[in-house]
S.K.: 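Okay, handing you the structure first.
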Protein chains: 2
Amino acid sequence: MDSGAGRRPEPTMRDVAALARVSAKTVSRVINDQPGVGPEAIERVRAAARTLGYRPNLTASSLRRSDKRSATIGVLFEDLSNPFDSALLRAVEDRARQSGVLVLAGSSEDDPSLQRELLASLASRRVDGMVVMAVGGHQDALQQERERGTPMVLVDRPPTFGETDSVTTTNRESAREAVVQLAELGHRDIAFLGDRQTLWTSHERYTGYLEGLAHSGLKLRKDLVCTDLKGPDLAEQATAALLDLPDPPTALFTAQNLVTVGAMRVLRSRRMHHRIAQIGFDDFPLADMLEPGITVVRQDVPGLGRKAADLIFARIENHHLPPSHAVIPATLIRRGSGEIPPES
Amino acid sequence: MDSGAGRRPEPTMRDVAALARVSAKTVSRVINDQPGVGPEAIERVRAAARTLGYRPNLTASSLRRSDKRSATIGVLFEDLSNPFDSALLRAVEDRARQSGVLVLAGSSEDDPSLQRELLASLASRRVDGMVVMAVGGHQDALQQERERGTPMVLVDRPPTFGETDSVTTTNRESAREAVVQLAELGHRDIAFLGDRQTLWTSHERYTGYLEGLAHSGLKLRKDLVCTDLKGPDLAEQATAALLDLPDPPTALFTAQNLVTVGAMRVLRSRRMHHRIAQIGFDDFPLADMLEPGITVVRQDVPGLGRKAADLIFARIENHHLPPSHAVIPATLIRRGSGEIPPES
DNA sequence: GCGCACTACGTCAACGTTGACTCAGGAGGA
DNA sequence: TCCTCCTGAGTCAACGTTGACGTAGTGCGC
């Protein structure tokens, strides 16, 4: 074993060339399957590379190559341990692998300065492109990066600046659909519980909620709207407060995953989960195993990821494509909780 | 905007040097905070770098530097969209960020040839180290990589070869603890449902099951042992078959996440979830919201990830450290399903 | 006034690879 | 026979950066 020795120096093309008694350039040709090398020279080079355990140095290669490709893309999401983000990452990774590209991944934690830092880190490594879930607020850093010509695709949230590809979900339309379904069951007091309004998705879903009410001829009750619920604790408090109203809602539209779970928790602890309707945005595991099953709007996460990857690779291939804004449809999955009619 | 223009060439040190009227070396010194540059030269270089939007090329830098560090590590897990894997990735990423290191991530899908390919891909990019969840079976590719001197830490599964760091969970001990708890409640017919036996973790948990039985003076009933349940479908079939036995089990030890869920599903559909005890290995979201809550052995996933990252960075710093094998304790979380006594 | 140390730079080559070019030798045609 | 073309190589420099080393100028002690 390696005990005692430090990291062995990697053999270089020159080492292989010396052993095969050819020039380094010939080794380069063999490694890159370029023509102009005779069969027995090819064999000598291959044998030498094998015995030395030679592996090409991609960093040196991409430094010298004319296209400067690093065969690496950057992925900058909010939190890689979040199931949504990791499913997205996996979809991007799968598509990248087909092109022999590896993925540098980072979590921005919705922190602009961290995003800026990671962006610079990716840029220093000269990635071929970036797939970014932009943090809320100003996107100056992203815009600057894009304006330098770095291929970039925004996922889940659209760019606030021009000429940049994006992939999003039908947030507004699907939220609206959920609310309309509740209204058609006879609900007239439908509460909205959502995440931070600075997040584009949250805001879109709220707009969809408003549209759904309007479409169904319902009046907006401002006391039934709870926004900026960051995390399950705030969601639980908000749900409890709603239920304690003199005129409580008969249905909840919970516009984010953790909010959905927080609300569920409160409904269950009050044994009201069979009497109050609930539709959540974004599916989650075991939603079908609860009593009742939780009706949700399911986003096509792998679809989002695949599309994002397709776009980034298309953009890398051709910088001059017109920007593309893909919208991936979400689906309403009826499991019971969203099909509870109002009482009396 | 960038419309029409291809990717703008990145400014180099020479560009900055020309603008600041100094040599490239001086720019290098300023960028790396090295001494030997006067204050006003520093200012000129800084200003020039700002106006040009200069960002150092880390690939060129790591090519030339003596230590050859790329400030990048590789992470090779089974499936990055799996919550266990992604939580692990996140923990590694957090630790890496502290050292200014980025993470190249890949999913091996438990496929030896894919793992081999990704390993080569990482090696070509000259990562400083690798954190690997080894695929089952032969680990030759990993061993070869390790023998070349690449710093490597195996997570969740130990190496079958020497001189390599690893981090694992108390699979056997915790499985044993779970089974002993069931036995102490009076259960005598405790079934084992587990994933593929080729996986080290599955095998360990099975061994723990056997130890638990032995410790409690129970005899092994081979007809209650179901292994190699890959995926929830097989788990459901196996559970159904167990319950259809003339002498069915009164408690289930489900040794893997998807198996746990599959078994739960069958118990619920047969309305037996309040009569048959169940303890699962590995926690999952909403386990506490079901009726009854699911008792599980919870692994300390962030702890595993942190430790793995600590080890890889220690190894990168010092190749000569003796190999370290960390074992992170798991905890039994009692929620109800594992505290159901046998009937009559 | 001379040597010496010290500071603030600059010069050069090299990291591992590849694009552009050169070149020897043989085949083939006029 | 001579010229051209093609094949299978090799040579050289450069990608962007930094380690090793060189050097001009200043300050200071004796």
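FYI, side chains are in, hydrogens and waters are out, and symmetry mates aren't considered; it's all heavy atoms of this structure.
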S.K.: Does a nitrogen or oxygen in the side chain of A/R65 sit under 4.0 Å from OP1 or OP2 of C/dT18?
M.R.: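 Answer yes for this pair, as a side-chain N or O of A/R65 is under 4.0 Å from OP1 or OP2.
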S.K.: Could you pull out the closest heavy-atom pair between A/L80 and A/S86, with the gap in Å?
M.R.: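 Scanning both residues completely, I find the closest heavy atoms to be O-CB, 3.4 Å.
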S.K.: Separation of A/R126 atom CZ from D/dG16 atom C1', in whole Å?
M.R.: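 The answer, rounded to whole Å, is 9 Å.
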S.K.: Taking CG from B/L58 and C1' from D/dT17, how many angstroms apart are they, rounded to a whole number?
M.R.: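 Roughly 11 Å, once rounded to whole Å.
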S.K.: Of all the heavy-atom pairs spanning A/S166 and A/H325, show the shortest one and how long it is.
M.R.: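 Minimum heavy-atom separation between A/S166 and A/H325: OG-ND1, 2.7 Å.
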S.K.: Please report the distance, rounded to the nearest Å, between NZ in B/K25 and P in C/dA14.
M.R.: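 So the two atoms are 16 Å apart, to the nearest Å.
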S.K.: Counting only side-chain nitrogens and oxygens, does A/S61 get under 4.0 Å of the OP1 or OP2 atom of C/dT18?
M.R.: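 Looking at the OP1 and OP2 atoms of C/dT18, one of them is under 4.0 Å from a side-chain N or O of A/S61.
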S.K.: Please determine if A/R44 and A/E40 form a salt bridge, counting it only when a charged side-chain N lies under 4.0 Å from a carboxylate O.
M.R.: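 A/E40 and A/R44: not salt-bridged.
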S.K.: Using atom types as modelled and distance alone, determine if a side-chain donor or acceptor of A/N32 lies under 3.5 Å from a backbone N or O of A/Q34.
M.R.: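 A pair under 3.5 Å: no.
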S.K.: Looking at B/L102 and A/L118, what are the two nearest heavy atoms and their distance?
M.R.: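 Shortest heavy-atom separation between B/L102 and A/L118 comes out as CD1-CD2, 4.0 Å.
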S.K.: Side chain of B/L63: nearest nucleotide among C/dT18, C/dG19, D/dG16?
M.R.: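 Output: D/dG16.
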S.K.: Rounded to the nearest Å, what distance is computed from the CZ atom of residue A/R69 to the P atom of nucleotide C/dT18?
M.R.: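 For the pair A/R69 CZ and C/dT18 P, the rounded distance is 15 Å.
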S.K.: Mark yes or no for a side-chain to base donor-acceptor pair under 3.5 Å between B/R64 and D/dT17, with no hydrogen or angle criteria applied.
M.R.: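 Absent.
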S.K.: What integer distance in Å separates B/R125:CZ from C/dT17:P?
M.R.: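 That distance rounds to 14 Å.
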S.K.: At under 4.0 Å between heavy atoms, what does B/T12 touch on the DNA or RNA strands: base, sugar-phosphate, or nothing?
M.R.: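 If one applies the 4.0 Å heavy-atom cut-off, B/T12 turns out to touch the sugar-phosphate alone, with no base involved.
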S.K.: Counting only non-hydrogen atoms, which of residues 26-45 of chain B are less than 4.0 Å from DNA chain D?
M.R.: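 Only B/S28, B/N32, B/Q34 qualify.
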S.K.: NZ of B/K68 versus P of D/dT18: gap in Å, rounded?
M.R.: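 To the nearest whole Å, that distance equals 12 Å.
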S.K.: Between B/E78 and B/R157, is the closest basic N to carboxylate O distance under 4.0 Å?
M.R.: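 Counted as a salt bridge, because a side-chain N and a carboxylate O are separated by less than 4.0 Å.
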S.K.: Which one, C/dG16, D/dC15, C/dT11, comes nearest to the side chain of B/R14?
M.R.: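 It is D/dC15.
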S.K.: Scan the side chains in residues 310-317 of chain A for donor-acceptor partners under 3.5 Å anywhere in the protein, sequence neighbours excluded, and list what turns up.
M.R.:
{"residue": "A/D310", "atom": "OD1", "partner": "A/R95", "partner atom": "NE", "Å": "2.8"}
{"residue": "A/R315", "atom": "NE", "partner": "A/D165", "partner atom": "OD2", "Å": "2.7"}
{"residue": "A/R315", "atom": "NH1", "partner": "A/H319", "partner atom": "O", "Å": "3.1"}
{"residue": "A/R315", "atom": "NH1", "partner": "A/L321", "partner atom": "O", "Å": "2.9"}
{"residue": "A/R315", "atom": "NH2", "partner": "A/D165", "partner atom": "OD1", "Å": "3.1"}
{"residue": "A/R315", "atom": "NH2", "partner": "A/D165", "partner atom": "OD2", "Å": "3.3"}
{"residue": "A/R315", "atom": "NH2", "partner": "A/L321", "partner atom": "O", "Å": "3.2"}
{"residue": "A/R315", "atom": "NH2", "partner": "A/P322", "partner atom": "O", "Å": "3.4"}

S.K.: Counting side-chain heavy atoms from CB outward, which of D/dT17, C/dT17, C/dG10 is closest to A/P56?
M.R.: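 Selected nucleotide: C/dT17.
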S.K.: Could you tell me the separation between the CZ atom of B/R55 and the P atom of D/dG16, rounded to a whole number of Å?
M.R.: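 Rounding to the nearest Å, CZ of B/R55 and P of D/dG16 are 15 Å apart.
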